[in-house]
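Written out below as structure tokens is the structure these notes cover.
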Amino acid sequence: SNAAYMYLTITFNQMLAALTPSVTLLLLYLLGVETPTRRTSAAVVLISAGCFISSYGEGHFDLVGVGFRSMGIVSAAVRLVLTQKLLKSFHLSVLESQYYLAPVGAFFLLLAALPSELPHALRTGALVVVADHPLEFLASASLGVVASMMTFVVIKLTNSVTLKVLNTARNAAFVLFSVTFLEEATTALQLSGYVVSLAAF
């Protein structure tokens, strides 16, 4: 998902992220974790339609960026659905789930980072930045752990779709901020599609 920011605007990235609840809901249904109501299914169709309208209205459409964002959306949805299944089916506490899932998540992130990120970091001396600012990186890592724990709490108390819908409010704030304060160019068609998605939420 983060690689998509190298190719797409912040606004368009957040608009595409609005598809994540739709993909999550579809996977919940396909894997037999939850069955959506007709009302929920109709909202998902509208969310997807709004995202496609936004994509069509994007002036700086980049296929590689959309590919990265799409892989990120599917990966996030699979992770959330499997997390929900683990938390609710096996009645694990939030701390127990971290014990099992954190090492697996770290392993796969490192596996992906070794070929794609490490060579560039070594070439540019980026690792020195970490050594020069240990407190900032420790604080960032600590906040990441807290955010991860809160993700598990929300999924355990509600479900993974609720978590992604809450993220949509955050994404809407990003879009509003980017268009208003960063003056990112946005077409009327693109914003119309996003409004349809938000209305469906």
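Owing to the predicted nature of the structure, the values given are computational and were not obtained by experimental measurement.
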N/O donor-acceptor pairs under 3.5 Å from side chains in residues 93-118, not counting sequence neighbours:
residue: Ser93; atom: OG; partner: Glu96; partner atom: N; Å: 3.1
residue: Ser93; atom: OG; partner: Glu96; partner atom: OE1; Å: 3.4
residue: Glu96; atom: OE1; partner: Ser93; partner atom: N; Å: 2.8
residue: Ser97; atom: OG; partner: Ser93; partner atom: O; Å: 3.3
residue: Ser97; atom: OG; partner: Val94; partner atom: O; Å: 2.6
residue: Gln98; atom: NE2; partner: Ser148; partner atom: OG; Å: 3.1
residue: Ser116; atom: OG; partner: Ala112; partner atom: O; Å: 2.7

Identify the two heavy atoms, one from Gly65 and one from Ala4, that lie closest to each other, and give their separation to 0.1 Å. O-CB, 3.5 Å
Connected via hydrophobic side-chain network under 4.5 Å: Met149 and Ile155: yes
Do the side chains of Val45 and Val196 join up, straight or via other hydrophobic residues, at under 4.5 Å, putting them in one cluster? no
Can you check whether Thr151 reaches Leu80 side chain to side chain, under 4.5 Å on heavy atoms? yes
Are the side chains of Val66 and Ser70 in touch, meaning some heavy atoms are under 4.5 Å apart? yes
Side chain to side chain contact (heavy atoms under 4.5 Å, CB included) involving Phe181 - partner list, sequence neighbours excluded: Phe177
Between Leu28 and Gln84, is any pair of side-chain heavy atoms under 4.5 Å apart? yes
Same cluster or not: Leu19 versus Leu46, using hydrophobic residues (I, L, V, M, F, W, Y) connected whenever any side-chain heavy atoms lie under 4.5 Å apart? no
Applying the 4.5 Å side-chain criterion to the ILVMFWY set and letting contacts propagate, would Val74 and Leu26 be lumped into a single cluster? no
Val81 and its side chain to side chain contact (heavy atoms under 4.5 Å, CB included) partner, picked from Leu25, Val33, Leu30: Val33
Can you sort out the partners of Tyr29 under side chain to side chain donor-acceptor pair (under 3.5 Å), two or more places apart, ordered by chain and number? none
Checking Thr40 now: which residues fulfil side chain to side chain donor-acceptor pair (under 3.5 Å) with it, not counting sequence neighbours? Thr37
Per the side-chain hydrogen bond (donor to acceptor under 3.5 Å, both in side chains) rule, what does the pair list look like for residues 72-83, sequence neighbours excluded? none
List for me each residue that meets side chain to side chain contact (heavy atoms under 4.5 Å, CB included) alongside Thr158, sequence neighbours excluded, and say none if there are none. Val154, Thr162
Would you tabulate the side-chain donor-acceptor contacts of residues 123-143 under 3.5 Å, counting partners in other chains and residues two or more places apart, or write 'none'?
residue: Thr124; atom: OG1; partner: His120; partner atom: O; Å: 2.8
residue: Ser142; atom: OG; partner: Leu138; partner atom: O; Å: 2.8

Rounded to the nearest 0.5 Å, the OG1 atom of Thr24 sits from the CD atom of Glu34 at a distance of 11.0 Å
All ring-ring contact (aromatic ring centres under 6.0 Å, His included) counterparts of Phe68, not counting sequence neighbours: Tyr7
Suppose we screen for side chain to side chain contact (heavy atoms under 4.5 Å, CB included). Which residues come up paired with Leu63, at least two apart in sequence or across chains? Phe61
